[in-house]
Amino acid sequence: MKKSILIKNPTVVNEGESYIADVLIEDEFITKIGNIDSESNYDIIDGSGKHLFPGIIDGQVHFRDPGLTHKADMYSESKAAIAGGVTSFIDMPNTVPNVLTPRDLHDKNQIASKKSLANYAFFLGVNGDNIDDVIKMDTNQFIGVSDDGLYFTKKGNLLADSPEKMEKLFANCDSIIAIHSEREKLIEENEQLFKEKYGNDIPAKYHPLIRSAKGCYEATERAIRLAKKHNARLHILHLTTKDETTLFQNDIPLKQKKITTEVSIHHLWFSEKDYDHLGMRIKWNPAIKTERDKKGLLQALIDDKIDLVTTDHAPHTIQEKEKPYFQSMSGAPMVQHALNCMLEFHKDGLISIEKIVDKMCHNPATLYKMTKRGFIREGYYADLTLVDLNNKWSVSKDNILYKCNWSPLEGTHFHTRVEKTFVNGHLAFDNGTFHDHVKGKEIEFGK
C-alpha cells in the first residue's frame, strides 16, 4: 500500500513563481500538484502560511568520510544538512584516501548508502598523479571531476596553476571539470612577504592579501581561455571576486553554457571586516575578500553570471582552526545554515525568493543533469523543504548539529526556520525531530 502525504495550502516556490497549491506525495514521488481533496488514507500536513521549496542541492561539500571522521562524517553532516533543508549534496574528493579511482568512488558510495540521510554524489579527484589515468576513462560515468582540496596533499595539484595539465584534461575529458581557481606561485610569493614581517603568526586579516584577488582573477581568466580553446565543460568553484564575475556569460540558458561558476555562502555573508572578530574561524581558500567583492558576487548571482549557490561545507575541529596562520586549517562548516543566510538576504530585500530557489535547487539539478530532482513537478522525487519565513532564532552551541560543534555564525539571529525536510518522500526532519531510519539515495544523472 502506498504511503501518501498531502501538504495542504503551502506557498509553492518553483520555476520562477510563488503560488498556493496542495502537493501530494506518494511513496518517493510527487504525484499531484493543485487543489487536492483529502482522503482517509492521507497523512495531512498543514502548510498554510509556510513556503514549500524543492530540496536544496548543495553542489560542494567536504563531509570528511572516510579518513577524517574525527571532525565530521557522512551521518553527522547529512543530519545537519537536512535540518537546513538540504536534501542532496555532491562531496569533494579530498578524503583519506583521496578519491582518485572508480574503486574509491564505489567505496565512498557504500559508506553513504549506510550513513547519509540526504541524497549523494561524488566528484572523482584529478591531480598531477592520476590525470593520465583519468583521460583514458569514459568520464561521462562521473557527475564531474575536480581538483578541489587535493592541493592540501602536495604542491602542484592545482590544475589552475598548470596550463599544461589543464590543456591535457580539457582536450580529453567529456564530463564537467570543476576546479579550484588560484595561482599557487603568487600565493607562495605573498606568503613569503608576510612571513618575513610577521613570522609564522600572520594575522588572519592578511589572508585575502596572501590568497589575493589577483591570483584568483589570473587563474580564472586562464582556465576559461583554455577551456574555450578545447570546447571543454568547465565549472569554476567558489568564486570570490567581483572582477572575476565579468568573465562569465548571462546571455544564454544554463543548459547551453560550457563555462559556469558558483558562489559559496560565506563569500556572500562575510567580508574583510569580519576577520578582526572571527580570525581564523573564517579562514577559507579562496579567501573571503572585500565588501566590494561581497556585494559584486551577490549582484552577479542575481544577474545570472553566477549559476549556483554552494556551501563548500568544510568542518575542522576548533583546535585545528585556532592555530597560528600556517597551521590553521582552511574551511568551516556552513551546510546547516546556508538557506537561512540566503533567506536573510531576501528579508532584507536584496534577492527574490524565486531567484534563491533557482540558484540552490533548479540550477544544480540542471547543471549536473540530475534525474527527477531540483523541481516541484509531478513524477519527480519528493525532495522538499517546508519553511516558516517568520520565525526568529539564533545559532548557538545548543542547536549546531555539526560533529565539530562550532560555527562561524554563532550568535547570528535568523528570521526564518526550516520546519520539515522530505528526502525521497520520507519525512526525514520534522521540527527538530529526525527520522533517520531511512537513508538517502545515490543521485542518478544524465550523460
Side-chain angles (χ1 to χ4, degrees), residues 60-65 67-73 76-77 79-81 84 92 94-96 148-155 180 182 187-188 190-212 238 240 264-290 294 310-338 340-341 394-414:
Q60 188 191 173
V61 303
H62 303 261
F63 278 1
R64 307 301 190 200
D65 206 344
L68 298 166
T69 54
H70 66 286
K71 62 181 84 181
D73 62 53
S76 64
E77 307 314 284
K79 186 176 182 180
M92 306 309 287
N94 62 323
T95 45
V96 179
D148 191 63
L150 300 179
Y151 62 91
F152 285 118
T153 308
K154 68 176 187 180
K155 295 287 186 183
H180 180 121
E182 292 187 282
I187 294 166
E188 289 168 6
N190 292 334
E191 282 178 344
Q192 189 56 40
L193 288 173
F194 280 90
K195 191 172 185 178
E196 288 172 4
K197 186 171 184 179
Y198 293 99
N200 290 323
D201 201 8
I202 299 171
K205 66 181 179 181
Y206 295 121
H207 190 54
L209 300 182
I210 292 170
R211 304 192 81 99
S212 66
H238 40 46
T240 60
S264 294
I265 288 291
H266 46 282
H267 294 122
L268 295 172
W269 190 263
F270 300 108
S271 75
E272 86 276 28
K273 295 179 179 179
D274 298 300
Y275 283 106
D276 282 341
H277 66 280
L278 288 171
M280 299 301 174
R281 292 190 180 209
I282 59 167
K283 183 190 176 202
W284 264 279
N285 300 341
I288 289 162
K289 298 185 174 70
T290 67
K294 170 181 158 180
T310 62
T311 67
D312 191 18
H313 175 81
H316 300 285
T317 67
I318 197 64
Q319 292 81 12
E320 290 170 324
K321 286 297 290 181
E322 293 190 337
K323 290 182 178 180
Y325 181 81
F326 287 104
Q327 288 77 48
S328 173
M329 301 296 288
S330 293
M334 293 295 286
V335 74
Q336 185 180 344
H337 306 108
N340 296 114
C341 288
S394 300
V395 180
S396 69
K397 286 273 193 282
D398 294 338
N399 52 42
I400 290 169
L401 294 168
Y402 310 131
K403 192 173 188 178
C404 64
N405 196 37
W406 70 275
S407 166
L409 293 165
E410 285 174 53
T412 300
H413 300 295
F414 288 124

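For this chain, numbers begin at 1 and follow the sequence in order. Computed over heavy atoms, backbone and side chain alike; hydrogens, waters and symmetry mates excluded.
Annotation: side chain of Ile318 is in contact with side chain of Arg281 (closest heavy-atom distance under 4.5 Å). You'll find the side chain of Cys341 stays beyond 4.5 Å of the side chain of Leu268, heavy atoms only. Side-chain contact check for Asp276 versus Lys205: some heavy-atom pair is nearer than 4.5 Å. Residues Asn190 and Leu209 form no side-chain contact, since every pair of their non-hydrogen atoms from C-beta on lies 4.5 Å or further apart. In this structure the side chain of Ser407 never reaches within 4.5 angstrom of the side chain of Thr412, judged on heavy atoms.
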For the pair Ile187 and Ile210, evaluate side-chain contact (heavy atoms from CB on, under 4.5 Å) and give the outcome as yes or no after the intermediate values. CA-CA 6 Å; Ile187 294 166; Ile210 292 170; 4.2 Å; yes
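Formation of a donor-acceptor pair under 3.5 Å by the Tyr275 side chain with backbone atoms of Ile288 is found in this model. In this structure, the side chain of Glu182 does not engage the main chain of Ala287 through any donor-acceptor pair within 3.5 Å. With hydrogens and angles ignored, the 3.5 Å screen pairs a side-chain donor or acceptor of Trp406 with a backbone N or O of His316. For His413 (side chain) and Ser394 (main-chain N/O), no donor-acceptor pair under 3.5 Å exists by modelled atom type. Side-chain N or O atoms of Glu272 include none that pairs as donor or acceptor with a backbone N or O of Pro208 at under 3.5 Å. Between the side chain of Ser264 and the backbone N or O of His266, no donor-acceptor pair lies under 3.5 Å. Thr95 places no side-chain N or O within donor-acceptor distance of the main-chain N or O of Arg64, the cut-off being under 3.5 Å. Judged purely by atom type and a 3.5 angstrom limit, His62 has no side-chain atom pairing as donor or acceptor with the backbone of Pro315.
For the atom pair Ile202 CD1 and Lys195 NZ, the distance stands at 8.0 Å (nearest 0.5 Å). Here OH of Tyr198 is found 12.5 Å from CZ of Phe326. Values are rounded to the nearest 0.5 Å. Atom NE2 of residue His337 and atom NE2 of residue His313 lie 10.5 Å apart, to the nearest 0.5 angstrom. Here CD1 of Ile282 is found 13.0 Å from CH2 of Trp269. Values are rounded to the nearest 0.5 Å. Note that NZ of Lys323 and OG of Ser328 are 9.0 Å apart. Values are rounded to the nearest 0.5 Å. One finds the CG atom of Leu68 at 7.5 Å from the CG atom of Asn94 (value rounded to the nearest 0.5 Å).
When the shell of 6.0 Å around NZ of Lys197 is examined, it contains 12 or fewer heavy atoms from other residues, nucleotides or ligands.
Counting all heavy atoms, side chain and backbone alike, Asn340 lies closest to Gln336 at OD1-O, 3.9 Å.
Looking at Asp148 and His238, their side chains do bring a donor and an acceptor atom within 3.5 Å of each other. His207 and Asn285 form a side-chain donor-acceptor contact under 3.5 Å, judged by distance and modelled atom types alone.
With sequence neighbours excluded, the residues forming a side chain to side chain donor-acceptor pair (under 3.5 Å) with Lys289 are Thr240, listed by chain and number. Contacts of Glu320 classified as side chain to side chain donor-acceptor pair (under 3.5 Å), with partners at least two apart in sequence or in another chain: His70, Lys71, Thr317.
Salt bridge status for Glu77 with Lys403: absent, with no side-chain N to carboxylate O gap under 4.0 Å.
Both cation-pi conditions hold for Lys283 and Tyr325: the charged atom is under 6.0 angstrom from the six-membered ring centre and inside a 45 degree cone around its axis.
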